[in-house]
Amino acid sequence: TTRTPEFLGLAGNEGLFPQSGTKGDVVVGVLDTGVWPESKSYDDAGLGEVPSSWKGACTGFNSSSCNRKLIGARFFNRGYEAAMGPMDSSRESRSPRDDDGHGTHTSSTAAGAPVAGANLFGFASGTARGMAPRARVAVYKVCWLGGCFSSDILAGMEAAVADGCGVLSLSLGGGSADYSRDSVAIGAFAAMERDVLVSCSAGNAGPGSATLSNVAPWITTVGAGTLDRDFPAYVVLGNGKNYTGVSLYAGKPLPSTPIPIVYAANASNSTSGNLCMPGTLLPEKVSGKIVVCDRGISARVQKGFVVRDAGGAGMVLANTAANGQELVADAHLLPAAGVGEKEGSAIKSYVASDPKPTATIVVAGTQVDVHPSPLVAAFSSRGPNTVTPEILKPDVIAPGVNILAAWTGKAGPTGLAADTRRVEFNIISGTSMSCPHVSGLAALLRGARPEWSPAAVRSALMSTAYSTYSGHGAPILDAATGAAATPFDYGAGHVDPTRAVEPGLVYDLGARDYVDFLCALKYTPAMIAALARGKSYACAENKTYSVSSLNYPSFSVVYSTANSDAAGSAAATTVTHTRTVTNVGAAGTYKVDTPVSVPGVTVDVKPTELAFSVAGEKKSYTVSFTAAKSQPSGTAAFGRLVWSDGKHTVASPIAVTWT
Amino acid sequence: TEELRATYIVHMAKSAMPAGYTEHGEWYGASLRSVSGAKMIYTYDTLLHGFSARLTEREAGDMAAMDGVLAVNPETRYQLH
């Protein structure tokens, strides 16, 4: 990717991830739509021999497709064909070849080789490199035009772990089912037992609450944030006003003198004409004009085609309340600009009020050092965690908006069949893009800290994440509202990899801890055995298990308003969580930073000081949460517990909810 | 008419394999054949123990009731994010 290595502080800091001789040997397994092996992002110059432990292969590709960068490529389509019938080989490659682009984008984001002069039609130009540019990549094609079927996903995960991947990256989700019925959660549990870190996208169902996917505590769940880069475009109206939007249009510009502009709802016979759905625009009403369309229902890029095919000269695509002011860029085929909800309303009211409304669109190219950044992406799925409310998710956010990375040679940048353009790099958005950022960072950390468990790697990324802007300390904002975001939006915060490599303390977890968590959820022996392959796992009859005992790097406390008396004032309810931290740095004494404050809740940490004399030493502490009185159901309050030894800060978000 | 078939993922308790079998795959196959004429789509033996196959709802119910079967989960279609 371009820009995100700088944004994450990685560029020029390669030395921070000491070459412990294993970094290059961490293999990131990407379960997605496959790979375009001819992309320069899989160039293997400077990489050593493939690790001798590697058992992967390149099936369905000629052997030259794989090299010391792309060291494995497999495809799994039996479940897909069993469900959908034989695939159409004229449209889909019966091989790991990426017919879509998504898998090439995600795998190169995680561990692509540096490629100078990368850009999309001149936008976002720079040297594109993966988060772990020296890690190896193995792709497991489990997603097809018709979707990603869990029997194929499980087969792909099995192969990836058996081949020797150290990190699995899955930018896919299927809603949050119970862990014992969620194939990704099942595969991820067993992968964790085999010391493999599994990183998954949190979902794009935001900004509504309780919309997360992939919330199993043994999975690293990644939300999306924006970058300090934009692609501004100006919608200049006939009344002289102009509004800033976003555009990746690189073709023949519109004339600088404004041309007629029409709102799609007034150029259609359809009741949903405002959405510019296929077949709904009247050519006689849009020909040669700029058309204002509203986002929703159909893909943004498809709206551009609908306007172009109806003879429109350009498009202004307006956000709805759900997307707020978030500007997601698309490589439209006609002059187009996406605008925020406010700007869209202003433009529509001008179009409605002026007897002869006119406008033009001026594309301004790539702009960097945009602030404030990051914002939580409006589309990024949000907590609370509906499967287990006592586990705070997402874990972190990472760059996921307008990300440039490698693309397939089989589809155009919009992905639509009508788009015959071919590009080497494309700019797309989603938690699909933020997940491989974290997968690549996890590979960097695994290479630098090979002794760390997957849980310790995740803990390091969480406890060093930031939730405020550097300098002025204001909280990270939510693009959907423009207001401060919360841990339900960003989890522990935005990843900060240069600090993650020296986190000071980690919250470690192993398979037995997660089984105890399942025991607390009252899983039956059969459900536990289906998830956890080890036969030795069982719940002890005489033991009391608690979900909040899971040694997670964050806190989520759930009060039931049902416990409060008629007057709504529950007797002060105290909930106590215990945590154990492992020192992974030098000797030091950690103290609780500023007193923890959560509105309406008294937080008491004991002890307030933890002294470590050697690396590997473990210490425990308790946090007691006391709510003086009950709050209305649905209330949430947030805080942050920070331990510090003067050199490291070990931060944990706190979410308290009343249900 | 052929009852509707769907793909199910069958989780088996590896340690419950009857003595008569030397290979888990044999046991899985025999278990499948005892309730259905369907072909096996995949067998799994690294991250989980079991297999996937196209079963009718009734066959899935019969499978779930068999000894050594831990769970019979209907296949899920996941979407790219």
Side-chain angles (χ1 to χ4, degrees), chain A residues 32-33 76 78-79 82-83 100 102-103 106 142-143 146-155 157-159 161-162 170-175 177 180-184 186-191 193-194 200-204 213-214 224 381 430-433 435 525-527 529-531 533 535, chain B residues 2-19 24-25 27-29 31-32 36-57 59-81:
Chain A
D32 207 302
T33 62
F76 301 87
R78 285 190 240 159
D100 175 279
H102 191 274
T106 54
V142 297
C143 293
C148 322
F149 288 72
S150 52
S151 59
D152 292 325
I153 293 170
L154 278 173
M157 292 178 87
E158 282 230 319
V161 171
L170 289 97
S171 289
L172 49 85
S180 66
R181 303 182 71 78
D182 177 345
S183 292
V184 168
I186 291 170
F189 191 103
E193 285 182 286
R194 306 272 294 252
C200 291
S201 46
N204 302 338
S213 293
N214 299 316
S381 289
T431 50
S432 273
M433 285 64 248
C435 165
M527 290 162 80
L531 260 168
R533 300 159 38 259
K535 61 182 178 307
Chain B
E2 152 96 334
E3 276 182 276
L4 275 182
R5 286 184 176 277
T7 299
Y8 289 85
I9 292 152
V10 181
H11 296 266
M12 306 290 277
K14 183 166 187 174
S15 54
M17 182 171 79
H24 281 93
W27 174 41
Y28 300 161
S31 304
L32 176 58
S36 168
K39 276 194 316 162
M40 209 168 271
I41 299 173
Y42 291 107
T43 56
Y44 305 104
D45 238 7
T46 304
L47 298 187
L48 62 141
H49 303 299
F51 59 93
S52 49
R54 301 280 294 172
L55 304 174
T56 64
E57 208 166 308
E59 289 170 345
D62 295 347
M63 181 62 76
M66 285 181 68
D67 283 347
V69 175
L70 297 167
V72 178
N73 287 342
E75 178 164 63
T76 309
R77 188 185 313 201
Y78 287 78
Q79 300 300 331
L80 293 166
H81 283 151

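In what follows, every chain begins at residue 1, and chains take the letters A, B, ... in the order their sequences are listed.
By the 4.5 Å heavy-atom criterion applied to side chains, A:Cys435 and B:His81 are not counted as neighbours.
Within residues 48-55 of chain B, the residues having any heavy atom closer than 4.5 Å to a heavy atom of chain A are B:Leu48, B:His49, B:Ser52, B:Arg54, listed by residue number.
Looking at B:Ile9, the atoms closer than 4.5 Å to chain A (heavy atoms on both sides) all sit in the side chain, from C-beta outward. Using a 4.5 Å cut-off between heavy atoms, B:Thr76 contacts chain A through both its backbone and its side chain. A:Ile153 touches chain B through its side chain: at least one heavy atom from C-beta onward sits under 4.5 Å away, while N, CA, C and O do not.
No other option in B:Lys14, B:Met12, B:His11, B:Lys39 has as many heavy-atom pairs under 4.5 Å with chain A as B:His11. In terms of heavy-atom pairs under 4.5 Å with chain B, the best-connected choice from A:Ser381, A:Gly146, A:Ser201 is A:Ser201.
Side chain of B:Tyr44 to backbone of A:Ser151: a donor-acceptor contact under 3.5 angstrom is found. A distance-only check finds a donor-acceptor pair linking the side chain of A:Glu158 to the backbone of B:Thr46 [under 3.5 Å]. Between the side chain of B:Tyr42 and the backbone N or O of A:Arg78 there is at least one donor-acceptor pair closer than 3.5 Å.
Under the rule for a side-chain contact (heavy atoms from CB on, under 4.5 Å), A:Pro525 has no partner lying at least two apart in sequence or in another chain.
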query = When you look at A:Asp182 and B:Tyr78, which way does the side-chain hydrogen bond (donor to acceptor under 3.5 Å, both in side chains) test go after all the steps?
reply = CA-CA 10 Å; A:Asp182 177 345; B:Tyr78 287 78; 2.6 Å; yes
